[in-house]
Amino acid sequence: MNITVKPADSTAPASLQAPVIATVGVVGAGQMGNGISHVCAIAGLTVVLLDVKADALDRAMAAMSKNMDRQVNRGLISAEDKLEALARITTTTDYAGFADCDLVIEAATEKEDVKRAVYKAMIPHLKPSCILASNTSSISITRLGASTDRPEKFIGIHFMNPVPVMKLIEVIRGIATDEPTFQATQTLAAKLGKTTAVSEDFPAFIVNRILVPMINEAVYALYEGVGSVVSIDTAMKLGANHPMGPLELADFIGLDTCLSIMQVLYEGLSDSKYRPCPLLVKYVEAGWLGRKSGRGFYDYTQTPARPTR
Ligand code: NAD
């Protein structure tokens with residue numbers, strides 16, 4: 001099934017019309033890339049998922065199958081929907097697979113040099129009309145767009161984790177992003193059943209500007225001995241009615257991603273209140289990245305996960 005994104009004004013010149021999005025490329029088969037591929041495939045889009053690591057692609061297909069099973073068990077989709085959605089996804093380690101993409105969403109590791117290298121490798125394979133989006137949690141869309149051959153077709157589409165469950169997409173226009181590109185992402189979000197919040201292009205946008213300093217403060221509370229991992233998480237769950245404690249949430253997001261976001265805030269806003277907690281830095285240096293590496297503020301090799309401090 002092809003998904004047609006209708007132009008906002010069908011009498012407008014072709015250059016002002018929102019393009020049709022039928023095939024989506026996704027770069028990075030980590031927790032976000034597999035979630036984005038999942039929701040696009042369920043919505044009927046053809047998906048090409050790329051990673052540098054072939055084993056990441058295998059893990060992503062397995063994760064999507066498992067997550068779709070959950071949706072089948074809850075009666076949200078049928079077993080047939082699941083099979084059809086998985087059949088719409090192909091995986092590759094070669095950017096030549098992006099030749100037919102109308103939109104590519106980059107969800108590679110949260111490092112600017114990695115993202116720039118991804119765009120450089122990808123661009124020769126894209127058709128000129130292809131929209132290029134980043135799922136970055138914090139990096140300037142204007143700056144990332146300026147590093148490509150198509151800043152007017154470059155936009156931030158920031159999905160939330162876990163993508164199949166969370167209703168929000170933050171949409172961030174760079175200074176050069178054109179209106180048809182913006183309209184195409186709005187229509188895509190509606191097709192995926194998501195609500196959008198539009199953010200200006202400032203470090204970490206809206207959600208992470210507020211959320212990640214709160215997580216960083218929780219790590220400071222742990223670092224300074226204000227409370228244990230369990231005390232801090234229990235305090236915020238029962239005292240502030242948060243569904244997850246901040247340290248549990250940090251493990252879920254990935255401590256490397258949390259640290260990168262704090263660094264972007266610290267450098268981008270030149271304000272010492274955003275300095276990353278040294279304990280967060282130490283965990284990342286140790287390779288304790290949270291759930292994805294099996295250990296963060298909790299040890300996930302134990303059942304139930306055991307707090308590490
Ligand atoms: P992740 O570590 O789970 O996955 C990153 C993937 O990118 C890995 O599979 C890695 O192999 C791949 N990758 C690295 N370099 C690459 C390259 N040069 N080419 C192709 N693939 C490459 O990370 P994630 O949590 O999925 O985050 C990905 C992006 O999504 C980041 O920009 C992050 O800020 C953003 N994001 C994360 C969350 C979250 O809660 N984790 C939420 C919203 C947005």
Side-chain angles (χ1 to χ4, degrees), residues 25-39 48-64 67 91-98 104-123 125 132-141 143-144 147 155-172 194 197 199 203-212 214-215 244 246-265 268 284 287-294 296:
V26 178
V27 182
Q31 49 185 349
M32 295 308 291
N34 87 56
I36 295 166
S37 302
H38 174 141
V39 296
V48 184
L49 174 60
L50 179 146
D51 202 287
V52 270
K53 297 182 189 156
D55 58 333
L57 293 166
D58 295 340
R59 281 198 303 274
M61 290 306 294
M64 282 187 270
N67 293 337
T91 60
T92 182
T93 54
D94 183 352
Y95 284 107
F98 282 175
V104 172
I105 304 172
E106 169 274 309
T109 308
E110 185 74 345
K111 288 201 174 114
E112 192 161 337
D113 54 343
V114 170
K115 293 183 185 295
R116 282 171 181 261
V118 163
Y119 306 146
K120 198 172 167 201
M122 177 199 310
I123 283 167
H125 301 279
L132 191 41
S134 178
N135 186 50
T136 178
S137 303
S138 59
I139 303 169
S140 164
I141 295 301
R143 204 164 62 234
L144 289 176
S147 75
I155 193 159
I157 308 184
H158 183 216
F159 289 84
M160 306 292 132
N161 185 17
V163 182
V165 176
M166 300 294 279
K167 288 275 168 257
L168 183 75
I169 295 178
E170 264 183 309
V171 177
I172 307 104
K194 306 291 187 195
S199 170
F205 319 125
I206 297 172
V207 173
N208 288 325
R209 170 83 177 258
I210 299 167
L211 180 67
V212 182
M214 190 269 295
I215 287 173
M244 284 172 112
L247 300 172
E248 192 186 355
L249 180 57
D251 277 357
F252 188 69
I253 294 171
L255 303 191
D256 54 341
T257 299
C258 291
L259 177 59
S260 295
I261 295 169
M262 285 312 296
Q263 282 161 339
V264 167
L265 281 167
V284 172
W288 298 348
L289 306 182
R291 273 179 185 270
K292 65 183 170 188
S293 69

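All residue numbers refer to positions in the sequence shown, counting from 1. Read the numbers this way: they start at 1 and go in the same order the structure lists the ligands and their atoms. Bear in mind that the values here come from a model prediction, so they are computed numbers and not experimental data. Only this structure's heavy atoms are used, side chains among them; waters, hydrogens and symmetry mates stay out.
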*Asks:* Can an N or O of T257 be found at a distance shorter than 3.5 Å from an N or O of ligand 1?
*Replies:*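 T257 vs ligand 1: no N/O contact under 3.5 Å.
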*Asks:* Counting heavy atoms only, which of V118, N135, I36 comes nearest to atom 17 (C) of ligand 1?
*Replies:*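 Looking at heavy atoms only, the winner is V118.
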*Asks:* Within a distance under 4.0 Å of any heavy atom of V27, pick out the atoms of ligand 1 and give their elements.
*Replies:*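 Contacts of ligand 1 toward V27, numbered from 1: 20 (C).
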*Asks:* With heavy-atom distances below 4.0 Å as the criterion, list the atoms of ligand 1 near V114.
*Replies:*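 Answer for ligand 1: 15 (N).
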*Asks:* Would one find an N or O of A56, backbone or side chain, under 3.5 Å from an N or O of ligand 1?
*Replies:*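 Checking ligand 1 against A56, no N or O pair falls under 3.5 Å apart.
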*Asks:* Tell me which protein heavy atom sits closest to atom 1 (P) of ligand 1, plus the residue, atom name and distance to 0.1 Å.
*Replies:*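 For this ligand atom, the closest protein heavy atom is K292 NZ, 3.9 Å.
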*Asks:* What part of H158, side chain from CB on, backbone N/CA/C/O, both or neither, has a heavy atom under 4.0 Å from ligand 1?
*Replies:*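 It is the side chain that touches ligand 1; the backbone stays farther off.
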*Asks:* Specify side chain, backbone, both or neither for F252, according to which of its non-hydrogen atoms lie closer than 4.0 Å to ligand 1.
*Replies:*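 F252 to ligand 1: no contact under 4.0 Å from either part.
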*Asks:* Going by heavy-atom distance to atom 31 (C) of ligand 1, choose the closest among A108, A107, S137.
*Replies:*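 The option holding the nearest heavy atom is A108.
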*Asks:* Taking the side chain as C-beta and beyond, is there a heavy-atom pair between M262 and V212 under 4.5 Å?
*Replies:*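 Counting from C-beta outward, M262 and V212 do come under 4.5 Å.
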*Asks:* Give the numbers and elements of all ligand 1 atoms closer than 4.0 Å to a heavy atom of T136.
*Replies:*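 So the atoms of ligand 1 that pass are 32 (O).
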*Asks:* Does this structure show an ion pair linking K292 with D256, if we count only N-O contacts that are shorter than 4.0 Å?
*Replies:*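 Result for this pair is yes, salt bridge flagged.
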*Asks:* Among all protein non-hydrogen atoms, which one is nearest to atom 41 (N) of ligand 1, and what is the separation to 0.1 Å?
*Replies:*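 Going atom by atom, the protein heavy atom closest to atom 41 (N) of ligand 1 ends up being I253 O, 2.9 Å.
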*Asks:* Within a strict 4.5 Å, meaning less than it, do heavy atoms of the I157 and N135 side chains meet?
*Replies:*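 Side chain of I157 against side chain of N135, heavy atoms only: no contact under 4.5 Å found.
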*Asks:* Can you check whether V118 reaches Y95 side chain to side chain, under 4.5 Å on heavy atoms?
*Replies:*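 Yes - at least one pair of side-chain heavy atoms lies under 4.5 Å apart.
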*Asks:* Compute the minimum heavy-atom distance from M160 to ligand 1 and say whether it is under 4.0 Å.
*Replies:*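 The answer is no: ligand 1 sits nowhere under 4.0 Å from a heavy atom of M160.
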*Asks:* Counting only heavy atoms closer than 4.0 Å, does ligand 1 sit against the backbone of I261, its side chain, both, or neither?
*Replies:*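 Neither part.
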*Asks:* Which protein non-hydrogen atom lies closest to atom 4 (O) of ligand 1, naming both residue and atom, and how far is it?
*Replies:*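 That would be G30 CA, 3.2 Å.
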*Asks:* May I ask you to list the atoms of ligand 1 that are less than 4.0 angstrom from any heavy atom of K115?
*Replies:*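 Counting atoms of ligand 1 from 1, those under 4.0 Å from K115 are 31 (C), 32 (O).
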*Asks:* Grab the two heavy atoms, one from F205 and one from S138, that are nearest each other, plus how far apart they are.
*Replies:*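 Scanning both residues completely, I find the closest heavy atoms to be CE1-N, 3.7 Å.
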*Asks:* Quick one: does I139's side chain get under 4.5 Å of V264's, heavy atoms only?
*Replies:*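 With C-beta onward as the side chain, the pair touches.
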*Asks:* Provide, to 0.1 Å, the distance between atom 32 (O) of ligand 1 and the closest protein heavy atom, together with that atom's residue and name.
*Replies:*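 Scanning the protein heavy atoms, the shortest distance from atom 32 (O) of ligand 1 goes to E110 OE1, 2.5 Å.
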*Asks:* Only heavy atoms count here, so choose which of L289, T109, L249 is nearest to atom 5 (C) of ligand 1.
*Replies:*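 It is T109 that holds the nearest heavy atom.
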*Asks:* Measure the shortest side-chain to side-chain distance between N161 and M32 over non-hydrogen atoms and say whether it is less than 4.5 angstrom.
*Replies:*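 Yes - at least one pair of side-chain heavy atoms lies under 4.5 Å apart.
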*Asks:* Which atoms form the tightest heavy-atom contact between N34 and N67, and what is the distance?
*Replies:*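 Heavy atoms only, the tightest pair is OD1-ND2, 4.2 Å.
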*Asks:* Identify the heavy atoms of A60 and L49 that sit nearest to each other, and give their distance.
*Replies:*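 A60 and L49 have their closest heavy atoms at CB-CD2, 3.9 Å.
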*Asks:* Starting from atom 26 (O) of ligand 1, what is the nearest protein heavy atom, named by residue and atom, and what distance separates them?
*Replies:*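 Ranking protein heavy atoms by distance from atom 26 (O) of ligand 1, first comes M32 N, 2.9 Å.
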*Asks:* Which residue holds the protein heavy atom closest to atom 3 (O) of ligand 1, what is that atom called, and what is the gap in Å?
*Replies:*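 For atom 3 (O) of ligand 1, the nearest protein heavy atom comes out as Q31 N, 3.2 Å.
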*Asks:* Quick check: closest heavy atoms across P164 and G35, and the distance to 0.1 Å?
*Replies:*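 Where P164 meets G35 most closely, the heavy atoms are CD-CA, 4.2 Å.
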*Asks:* What protein heavy atom sits nearest atom 43 (C) of ligand 1, and how far off is it?
*Replies:*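 Nearest protein contact, heavy atoms only, for atom 43 (C) of ligand 1 is F159 O, 3.1 Å.
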*Asks:* Out of N161, D256, V52, whose heavy atom sits nearest atom 39 (C) of ligand 1?
*Replies:*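 Selected option, by shortest heavy-atom distance: N161.
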*Asks:* So for A117, does at least one of its heavy atoms come nearer than 4.0 angstrom to any atom of ligand 1?
*Replies:*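 A117: no contact with ligand 1 (<4.0 Å).
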*Asks:* Pairing donors with acceptors under 3.5 angstrom, does anything connect the side chains of T257 and E110?
*Replies:*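 There is no such pair between these side chains.
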*Asks:* Would you call D51 and T93 a side-chain contact if the rule is heavy atoms closer than 4.5 Å?
*Replies:*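 Counting from C-beta outward, D51 and T93 never come under 4.5 Å.
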*Asks:* Side chain to side chain contact (heavy atoms under 4.5 Å, CB included) for V104 and V26? Distances and angles first, verdict last.
*Replies:* CA-CA 6 Å; V104 172; V26 178; over 6 Å; no
*Asks:* Can you confirm whether I253 sits close enough to L211 that some side-chain heavy atom of one is under 4.5 Å from a side-chain heavy atom of the other?
*Replies:*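 They are in side-chain contact.
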*Asks:* May I ask you to identify the nearest protein heavy atom to atom 11 (O) of ligand 1, giving residue, atom name and distance to one decimal place in Å?
*Replies:*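 Going by distance alone, atom 11 (O) of ligand 1 is nearest to D51 OD1, 2.7 Å.
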